[in-house]
Amino acid sequence: MEHILRPEGAPPVNGYSHAVRFTGPMVVVSGQVPVAPDGAVVGVGDAEAQVRQVYANLATALEAAGSGLEHIVKLTVYLTDLEDLPTFRRVRDEHQDAERPPACSLVRVAGLVHPDFRVEVEALAVAPDGPATA
Ligand SMILES: C=C(N)C(=O)O
């Protein structure tokens, strides 16, 4: 994978690549929301807890598909409140290599499917060893 972090003539970025070039099987992960495996909404009013649960759910989905957080090439992030952006970025940055971050789009939305959700994240990744056998 080639991460294009700072192409000449492009504006600065905060924790993402302008582009990522890759080959290999692609994994498309649906928007992950702050819900635990038992179906409970996690972290009502707590952006950090919600982002952490979203990352746990992304990891679960990616690993089931033979991939992992380290193989994400693109994130799309939906936040209901831009005041959560620093928290999102801090937790996101714990889960990615600063020298090889994914591309990322970030959008503020008026609401998500549950009124207590503050964040939803979808991901594109590669499965470096091919499809999962599970
Ligand atoms: C992912 C982004 N676009 C950001 O953090 O600004």
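Only this structure's heavy atoms are used, side chains among them; waters, hydrogens and symmetry mates stay out. Counting convention: from 1, in listed order, for ligands and their atoms alike.
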K.L.:
Which ligand 1 atoms does N14 reach within 4.0 Å, using its non-hydrogen atoms?
P.N.:
5 (O)
K.L.:
If we only count heavy atoms from C-beta on, is the D84 to V119 side-chain gap below 4.5 Å?
P.N.:
no
K.L.:
Go through the side-chain N and O atoms of Q50 and D46 and say whether any donor and acceptor fall under 3.5 Å apart.
P.N.:
no
K.L.:
What part of V77 sits under 4.0 Å from ligand 1 if we count only heavy atoms: the side chain, the backbone, both or neither?
P.N.:
neither
K.L.:
Give the residue, atom name and distance (to 0.1 Å) of the protein heavy atom nearest atom 1 (C) of ligand 1.
P.N.:
C104 SG, 2.4 Å
K.L.:
Quick check on contacts: which atoms of ligand 1 are under 4.0 angstrom from a heavy atom of Y16?
P.N.:
1 (C), 2 (C), 3 (N), 4 (C), 6 (O)
K.L.:
If the condition is side-chain hydrogen bond (donor to acceptor under 3.5 Å, both in side chains), which residues does S30 pass it with, not counting sequence neighbours?
P.N.:
none
K.L.:
For the CD atom on E83, are there more than 12 heavy atoms of other groups (residues, nucleotides or ligands in this structure) within a distance under 6.0 Å?
P.N.:
no
K.L.:
Any N or O on S105 sitting closer than 3.5 Å to an N or O of ligand 1?
P.N.:
no
K.L.:
In terms of residue, atom name and distance, what is the protein heavy atom nearest to atom 4 (C) of ligand 1?
P.N.:
R89 NH2, 3.5 Å
K.L.:
Report, as yes or no, whether the 6.0 Å neighbourhood of atom CZ on R100 holds more than 12 heavy atoms from other residues, nucleotides or ligands.
P.N.:
yes
